[in-house]
Asker: 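Before we start, here is the structure in question, set down as structure tokens.
All ligand and atom numbering here is 1-based and tracks the order in the structure. For clarity, every value in this text was computed on a predicted model and none was experimentally measured. Note that the numbering runs from 1 along the sequence shown for the chain.
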Amino acid sequence: MATSANAEALNESPIPEAIAPKQNKQTIDPYNVTGEIGADGIAKAIDYSKLVEEFGTKKIDQALLERFERVTGKKPHRFLRRGIVFSHRDFELILDRYERGEPFFLYTGRGPSSDSVHIGHTIPFEFTKWLQETFSCPLVIMMTDDEKYLFSEKRTIEEVQGYCRSNAMDIVAVGFDPEKTFIFSDFEFVGGAFYRNIVRMSKMITLNQARNIFGFNESTNIGRIHFGAIQGATSFASSFPHIFGTDEDKTNLIPALIPCAIDQDPYFRMTRDVASRMYTSKGQHVAKPSLIHSRFLDALQGPGTKMSASVDESAIFMMDTPNQIKNKINKYAFSGGKVSQEEHRALGGDTSVDVSFQYLRFFLEDDVELEKIRVSYEAGELLTGELKAICIRELQTYVAGFQERRAKVDEETVSLFMSTRPLKWTGNPRAPIVVPQIEGAADGAGGEAKQGDGKLTKNQLKKLEKLKQIEAKKAQKAKEKEAQAPPTVA
Ligand code: TRP
């Protein structure tokens, strides 16, 4: 195991010198996530405001949330209300486009490094799913099997490809709309228009720039150095002719909105820089991706740590049984309560470090109930055991719901999501202009047969019909629910 708390990001491979975390300071990049190391040698909680400053992103503030609600007619997701999705780059430009009925798409991804998906992994996907429902827009999900091979000393290609397939099944189980979602593996999809964008991007990044952004050195393998061009090129709609059509002068004007954890920002800072130097054949700027960043879910051990798939006691896994969840929370969840009941009753608990309370902030939907729990715990009325019981109940419900959906995801369903085919979306129902007519999309991959002919088999069509019906039922239910809870801003 490497020394970094986030060895997971490198799949336990030794961290090359230059990208090992600088001691003491907090380090957040695609390969390291650690809080500042205190004098006692223990990592402190990550200071997210400081990251906003250092990275030069913008904080998501109340005004932006109010505008979001006005434009979409939807109450912001609890992650937005509670500062879990806390930072952005040009998110307001996406709202402008939504308002005008102009197209954009969502892009997110996962590095398939193991089969052990935990509740921290599903957070960006839960949020992305909600964004897709909110904006009714296409979504591409990149599975970076190549990245997980390049950044690990021991994993084989066969191994990461196996994880890719099973992780894709987990992602499908989050509940994405099959008509609007394309999931792809780098090993399978690189080629054609996508590869042209990768090469365009790689030509515009010097070794010096890559070193400065990622901290690579002379011993870094060149695959790692090049990989940023691959993750970046997915931000361009022109990489997906089967979805957006083959006219690059048009598709290059369609931006991505990228929901991701804040550690991925360096990739997209670089992509935005490259995009600002790219033009269409008509001399227009290629659209820069917008970003919306989430914070991490603390490990059970408390602030300053991040759940790790390779440390069983640090995480609640999506395949944990109700009993395992209960035992882990009771045994490991760091408590902000006082040592004795007497003292707790007198002084109250500290919700800012209490892991069970932090998990409730992520998973408990009801703001009023959450506030009641906070007040009561801080006043010493609610005891640690009682708080843990509420957290256990919420996590058991969340994980059970996932497992139920996951059990229904079969090979055929993943193949459907991963097939190169046109998508269907409606955009903003209230906007004057709706989705543009896109040439070339319907005949699949813009005639690039290598990437699939865009036609679905009979079985896939049947499957799609079935999934559509399930989606329609879900949408109806959600509508009924929403009708009961009116938006908070007019
Ligand atoms: N590099 C990411 C990981 O290791 C995977 C990824 C690729 C990604 N593209 C993305 C994550 C876009 C968020 C958004 O998990």
Asker: Output the list of atoms in ligand 1 that are nearer than 4.0 Å to some heavy atom of M142, sorted by atom number.
Answerer: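 Close to M142: 7 (C), 9 (N).
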Asker: Counting each atom of ligand 1 from 1 as listed, which ones have a heavy atom of I258 under 4.0 Å away?
Answerer: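 Those of ligand 1 that fall under 4.0 Å from I258 are 14 (C).
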Asker: Return the closest protein heavy atom for atom 13 (C) of ligand 1 as residue, atom name and distance.
Answerer: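 Looking at atom 13 (C) of ligand 1, the protein heavy atom closest to it is C260 CB, 3.5 Å.
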Asker: For atom 11 (C) of ligand 1, what is the nearest protein heavy atom, given as residue, atom name and distance?
Answerer: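 Protein heavy atom at minimum distance: G109 O, 3.3 Å.
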Asker: To which protein heavy atom is atom 9 (N) of ligand 1 closest, and what is the distance rounded to 0.1 Å?
Answerer: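 Heavy-atom neighbour on the protein nearest atom 9 (N) of ligand 1: Y107 OH, 2.8 Å.
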Asker: Have a look at ligand 1 and work out which part of T234, if any, has a heavy atom under 4.0 Å from it: side chain, backbone, both or neither.
Answerer: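 For T234, there is no contact with ligand 1 at all, from either part.
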Asker: So that I can tick it off, tell me whether R211 and E218 are bridged by a salt bridge, with the cut-off set at under 4.0 angstrom between side-chain N and carboxylate O.
Answerer: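 Salt bridge present between E218 and R211.
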Asker: Run the ring pair (Phe, Tyr, Trp, His ring centres under 6.0 Å) check on F127 and F125 step by step: do they pass?
Answerer: CA-CA 5 Å; F127 185 61; F125 288 103; over 10 Å; no
Asker: Look up atom NZ in K306 and atom CD1 in I28, then write down how far apart they are to the nearest 0.5 Å.
Answerer: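 One gets 10.0 Å once the value is rounded to the nearest 0.5 Å.
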Asker: So which heavy atom on M142 is nearest to which on Y107, and how close?
Answerer: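 Minimum heavy-atom separation between M142 and Y107: SD-OH, 3.2 Å.
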Asker: If the threshold is 4.0 Å, N to carboxylate O, is there a salt bridge linking R110 and E147?
Answerer: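 Judged by the 4.0 Å cut-off on N to carboxylate O distance, R110 and E147 do not form a salt bridge.
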Asker: Considering only the protein, which heavy-atom contact is closest to atom 2 (C) of ligand 1, and what is its distance?
Answerer: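 Answer, as residue, atom name and distance: Q264 OE1, 3.3 Å.
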Asker: Looking only at protein heavy atoms, which one is nearest to atom 15 (O) of ligand 1, and how far off is it?
Answerer: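 Checked against all protein heavy atoms, atom 15 (O) of ligand 1 sits closest to G111 N, 3.0 Å.
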Asker: State, yes or no, whether a side-chain contact exists between M201 and F236 at a heavy-atom distance under 4.5 Å.
Answerer: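 Of all side-chain heavy-atom pairs linking F236 with M201, at least one is under 4.5 Å.
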Asker: For the residue pair F240 and F244, categorise the inter-ring angle as parallel (less than 30°), tilted (30 to 60°) or perpendicular (more than 60°).
Answerer: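 Taking F244 first and then F240, their aromatic rings stand perpendicular (interplane angle over 60°).
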Asker: Counting only heavy atoms, which portion of R110 has something under 4.0 Å from ligand 1: side chain, backbone, both, or neither?
Answerer: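 It is the backbone that touches ligand 1; the side chain stays farther off.
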Asker: Specify side chain, backbone, both or neither for T108, according to which of its non-hydrogen atoms lie closer than 4.0 Å to ligand 1.
Answerer: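 Both backbone and side chain of T108 come within 4.0 Å of ligand 1.
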Asker: In terms of atom number and element, which parts of ligand 1 are under 4.0 angstrom from non-hydrogen atoms of T144?
Answerer: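 Numbered from 1, ligand 1 contributes 5 (C), 7 (C).
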Asker: Would you say E158 and Y149 are linked by a side-chain donor-acceptor pair, where the criterion is simply a distance under 3.5 Å?
Answerer: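 No, no side-chain donor-acceptor pair sits under 3.5 Å.
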Asker: Quick one: does M143 get within less than 4.0 Å of ligand 1, heavy atoms only?
Answerer: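 Judged by the 4.0 Å heavy-atom criterion, M143 does not count as contacting ligand 1.
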Asker: Please say whether Y267 places an N or O atom under 3.5 Å from an N or O atom belonging to ligand 1.
Answerer: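 Min N/O separation from ligand 1 is not below 3.5 Å for Y267.
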Asker: State, without any angle test, whether Q264 and Q231 hold a side-chain donor-acceptor pair at a distance under 3.5 Å.
Answerer: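 Side-chain D/A pair, Q264 to Q231: present.
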Asker: Given that the side chain starts at C-beta and the backbone is N, CA, C, O, which of these parts of F227 lies under 4.0 Å from ligand 1, counting heavy atoms, or is it both or neither?
Answerer: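 No part of F227 is near ligand 1 at this cut-off.
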Asker: Check ligand 1 against K148 and write out every atom of the ligand that is under 4.0 Å from a heavy-atom position of the residue.
Answerer: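 Result: 4 (O).
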Asker: So do F55 and R89 actually touch side chain to side chain, heavy atoms under 4.5 Å?
Answerer: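 A side-chain contact exists here, since the closest heavy-atom pair is under 4.5 Å.
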